[in-house]
Each structure stands twice: as structure tokens, then as C-alpha cells.
Amino acid sequence: MTATRKYSAERLMSVVLAPVVSEKSTFVADKNRQYVFRVADQATKPQIKAAVELMFKTKVDSVTVSNVKGKPRRFGRIEGRRRNWKKAYVRLAAGQEINFAATQ
């Protein structure tokens with residue numbers, strides 16, 4: 001049973017929220033064939049793998065997940081906190097590539 005059949009297509013389309021474009025993510029992409037995505041907080045590694053394979057039509061080797069803690073912020077006397085979020089490092093198979101400019 002493939003991973004895309006295991007989960008519904010609607011659920012998989014809501015797992016990957018956005019690509020993370022930063023200096024670190026471009027360095028990792030060039031060096032290790034890894035792409036960085038902001039994903040839903042409840043997403044698991046198999047769901048992330050199936051979602052990337054479905055959305056970008058690529059073969060995924062592995063997924064590494066990291067929870068990013070929100071920073072404390074102030075607005076005058078009111079103290080608050082940014083939301084925590086989840087980041088996924090997706091390693092693609094050899095010869096695979098994601099072109100964000102071409103995908104719509």
C-alpha cells in the first residue's frame with residue numbers, strides 16, 4: 001500500500017503549508033538535496049512524505065522534523081509570544097528536484 005493511498009488527498013494538501021526560504025535552507029538544498037517546509041503542527045513524518053510526493057511528483061528518501069519554539073514578544077506593557085511551529089527537512093532521492101517557480 002502506497003503512502004498516498006493511506007491518507008486522503010484533502011488531508012495531504014493541508015499538511016505542507018509553505019516552503020521556508022532562508023540562507024540556511026538554500027545552503028542545505030544545495031549541499032544535501034534537502035528542502036525545508038513549514039508543516040502543520042499535527043503532521044507526522046509519513047504524512048509529510050506522502051504530501052510532498054503528491055504535491056511535487058517527486059520521490060522522497062527521508063524526512064526530519066523540528067519543532068520551532070515561538071519567540072517572546074512585547075507590545076508596550078503587554079507581553080506575548082509568537083506561535084510555535086513545525087519545520088520539516090525533506091531529502092529527495094538522487095536526481096530529483098523541486099522547482100518552486102514552475103509549480104502552481
Side-chain angles (χ1 to χ4, degrees):
M1 177 179 251
T2 62
T4 55
R5 290 185 190 159
K6 195 173 185 180
Y7 305 106
S8 68
E10 294 90 23
R11 170 68 183 140
L12 291 180
M13 295 304 276
S14 65
V15 168
V16 176
L17 302 178
V20 175
V21 180
S22 66
E23 190 173 345
K24 180 180 178 181
S25 66
T26 55
F27 177 75
V28 168
D30 291 340
K31 186 177 179 188
N32 298 329
R33 297 186 327 266
Q34 286 184 330
Y35 293 89
V36 185
F37 295 99
R38 186 176 186 147
V39 295
D41 294 338
Q42 304 84 14
T44 61
K45 287 183 181 183
Q47 287 176 344
I48 296 168
K49 179 179 178 178
V52 171
E53 287 179 347
L54 175 71
M55 292 173 77
F56 299 107
K57 313 283 190 285
T58 60
K59 179 73 175 132
V60 174
D61 273 349
S62 65
V63 176
T64 305
V65 176
S66 162
N67 289 312
V68 180
K69 299 288 186 188
K71 295 180 181 179
R73 292 291 181 202
R74 288 180 54 123
F75 186 73
R77 291 181 296 178
I78 301 170
E79 292 185 5
R81 184 170 192 86
R82 285 192 180 167
R83 289 184 53 171
N84 299 335
W85 56 284
K86 189 178 270 191
K87 178 167 52 171
Y89 291 90
V90 177
R91 180 186 297 268
L92 298 182
Q96 300 286 320
E97 185 178 279
I98 295 176
N99 187 359
F100 293 114
T103 56
Q104 292 292 331

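Numbering starts at 1 and runs along the sequence shown. We use all heavy atoms of the structure for the numbers below, so side chains are in, but hydrogens, waters and symmetry mates are not.
Two residues are said to be in side-chain contact when any heavy atoms from C-beta on lie closer than 4.5 Å; K59 and E53 meet this criterion. You'll find the side chain of V68 stays beyond 4.5 Å of the side chain of N84, heavy atoms only. Residues R91 and N32 are in side-chain contact: their nearest non-hydrogen atoms beyond the backbone lie under 4.5 Å apart. In this structure the side chain of D41 reaches within 4.5 angstrom of the side chain of R83, judged on heavy atoms. Looking at Y7 and P46, their side chains come closer than 4.5 Å, going by heavy atoms from C-beta outward. Side-chain contact between Q96 and R33 is absent, with no heavy-atom pair separated by less than 4.5 Å. Side-chain contact between M55 and M13 is present, with at least one heavy-atom pair separated by less than 4.5 Å.
Linking Ile, Leu, Val, Met, Phe, Trp and Tyr whenever their side-chain heavy atoms come within less than 4.5 Å puts V52 and L12 in one cluster. Residues V15 and V60 share a single hydrophobic cluster, defined by chaining ILVMFWY side chains whose heavy atoms lie under 4.5 Å apart. No path of Ile, Leu, Val, Met, Phe, Trp and Tyr side chains, each step under 4.5 Å between heavy atoms, connects F27 with V20, placing them in separate hydrophobic clusters. In this structure, F56 is a member of the same hydrophobic cluster as V63, with clusters built from ILVMFWY side-chain heavy atoms closer than 4.5 Å. Residues V28 and V90 fall into different hydrophobic clusters, defined by Ile, Leu, Val, Met, Phe, Trp and Tyr side chains chained together at heavy-atom separations under 4.5 Å.
Taken to the nearest 0.5 Å, the NZ atom of K45 stands 8.5 Å off from the OG atom of S62. Atoms CZ and CG, from F37 and L17 in turn, are 11.0 Å apart once rounded to the nearest 0.5 Å. Atom NZ of residue K86 and atom CZ of residue R38 lie 13.0 Å apart, to the nearest 0.5 angstrom. Separating the CG atom in L92 from the CD1 atom in I98 is a distance of 4.5 Å, to the nearest 0.5 Å. With values rounded to the nearest 0.5 angstrom, T58 atom OG1 is found 12.0 Å from N99 atom CG.
In this structure a side-chain-to-backbone donor-acceptor pair under 3.5 Å is missing from S66 to K87. When atom types are taken as modelled, the side chain of R81 and the backbone of G70 share a donor-acceptor pair closer than 3.5 angstrom.
Residues S25 and V36 come closest through the heavy atom pair CB-CG2, 3.6 Å. Heavy atoms only, all atoms of each residue included: Q42 and Q47 are closest at O-OE1, 4.0 Å. Between A40 and S14, the shortest heavy-atom contact is CB-O, 4.0 Å.
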